[in-house]
Amino acid sequence: MLDRVDPAFRTDVLAGLAEPIPSIPARWLYDRRGSELFDDITRLDTYYPTRTETALLEAKMPEIAALAGDDCAIVEFGSGSSTKTPLLLEAMRPRAYVPIDISGDYLRDSAARVDAEFPDIPVHPVEADFTKEVILPGAIDSMPRLGFFPGSTIGNFVPRSATDLLRHFRDILGVGSRLLIGMDRVKPVERLIAAYDDPQGVTAEFNLNLLHRINRELGGDVDIAAFEHCALWHDMNGRVEMHLVATRDTGFSIDGQRFAFAAGQSIHTENSHKYGPRGARLLLLAGGWTPLAEWTDDAGDFALILAEAQRNRFAP
Ligand code: AVJ
């Protein structure tokens with residue numbers, strides 16, 4: 001199927017490439033091909049987050065279910081092709097499941113899968129960008145809510161935006177709601193780089209697909225061979241950064257707009273923030289969520305945190 005061209009893609013690419021530090025928002029990496037490649041990434045030996053989080057969910061599910069609340073509606077932010085959802089649905093038996101995703105295709109697929117596997121759980125899919133306004137289905141108005149935000153997707157956002165997003169989730173779900181969120185932990189830089197620059201080159205292909213997408217959807221003439229994938233650890237900002245670096249002087253045009261890149265110049269395409277235990281909890285607190293419980297794997301590679309939306313109150 002042909003990808004429909006989102007006008008916001010053009011706007012973001014043209015504006016981002018014109019910035020003093022050229023960058024393109026990471027969400028544009030995830031077109032159909034990009035999402036397939038990301039699925040491949042999650043199966044790589046060197047990419048530990050998905051398998052670690054899934055095993056953690058499996059191992060701790062009884063405990064999580066006991067604390068996360070009974071008779072709730074589960075609202076998943078960015079449900080994508082998540083394989084973690086069934087674990088949660090199986091253990092919690094929620095009164096409703098509300099997957100929210102920007103991709104209608106993915107949403108219909110996953111809603112249909114959940115429908116088939118859990119015929120007694122009503123599914124109310126919402127096609128929306130969860131960073132923008134989201135209207136929850138009226139059917140869950142009277143139910144307590146549990147938000148589910150796995151995969152360390154929060155790591156894609158710089159702390160300031162991550163805080164905004166957590167506050168936004170609180171507004172969507174309401175005071176007293178709970179949130180189960182996955183966050184990747186800080187770890188030795190060799191392991192981080194191996195996870196984002198795999199020897200098979202899948203992550204490189206995932207990153208370079210953005211240039212293919214620009215050529216395909218925006219009629220660009222980017223010489224893709226003039227760019228290479230680069231993953232680096234920015235210690236001060238606590239994040240892995242992905243870049244597309246020009247290996248020689250190169251130029252291209254998109255929509256009649258001309259861009260020149262000197263050898264060594266880069267396009268910043270994604271951030272993946274890593275948090276220590278304190279940093280993770282501070283981020284949640286700053287976003288209006290009080291941490292209630294936390295689970296990690298034995299190696300401490302990945303954390304699942306359960307938090308509760310803070311009430312509005314005066315505090316000393
Ligand atoms: C989907 C944002 C969680 O940061 O680990 C993986 C994206 N990019 N490899 C991550 C990603 C390259 C991934 N998240």
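Counting convention: from 1, in listed order, for ligands and their atoms alike. This structure is a prediction, so every number in the text was calculated from the model and none was measured.
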R191 charged N/C atom sitting above Y48 aromatic ring, 6.0 Å / 45°
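Yes; both conditions hold, so R191 lies above the ring face of Y48.
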
State whether the number of non-hydrogen atoms from other residues, nucleotides or ligands found under 6.0 Å of D255 atom CG is greater than 12.
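Above 12, so yes.
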
Around atom CZ of R278, are there more than 12 heavy atoms of other residues, nucleotides or ligands at under 6.0 Å?
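No, because the 6.0 Å sphere around CZ of R278 holds 12 heavy atoms or fewer from other groups.
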
Check: [X] N/O within less than 3.5 Å of ligand 1 N/O:
| X | result |
| --- | --- |
| N271 | no |
| Y47 | yes |
| K274 | no |

Give me the nearest non-hydrogen protein atom to atom 11 (C) of ligand 1 as residue plus atom name, then the distance to 0.1 Å.
E270 OE1, 3.5 Å

Name the closest protein heavy atom to atom 14 (N) of ligand 1, giving the residue it belongs to and the distance to 0.1 Å.
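Answer, as residue, atom name and distance: Y30 OH, 4.1 Å.
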
Using heavy atoms and a threshold below 4.0 Å, how should the contact between F157 and ligand 1 be classified: side chain, backbone, both, or neither?
neither

Flag the pair Y97 / F118 as yes when their ring centroid distance falls below 6.0 Å, and as no otherwise.
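No, ring centres 6.0 Å or more apart.
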
Under 6.0 Å between the ring centres of F148 and F77?
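So the answer is no for these two rings.
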
For ligand 1, which atoms sit closer than 4.0 Å to a heavy atom of [X]?
| X | answer |
| --- | --- |
| S272 | 4 (O), 5 (O), 10 (C) |
| M242 | 12 (C) |
| G151 | 3 (C) |
| N156 | 2 (C) |
| F206 | 8 (N), 12 (C) |

I74 and side-chain contact (heavy atoms from CB on, under 4.5 Å): which single residue from L146, T85, L180 fits?
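Testing each of L146, T85, L180 against I74, the sole residue satisfying side-chain contact (heavy atoms from CB on, under 4.5 Å) is L146.
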
Contact with ligand 1 for S152, non-hydrogen, under 4.0 angstrom:
yes

Taking the six-membered ring for Trp, are F259 and F252 parallel (under 30°), tilted (30 to 60°) or perpendicular (over 60°)?
tilted

In this structure, would Y30 and I100 fall into the same cluster of hydrophobic residues linked by side-chain contacts under 4.5 Å?
no

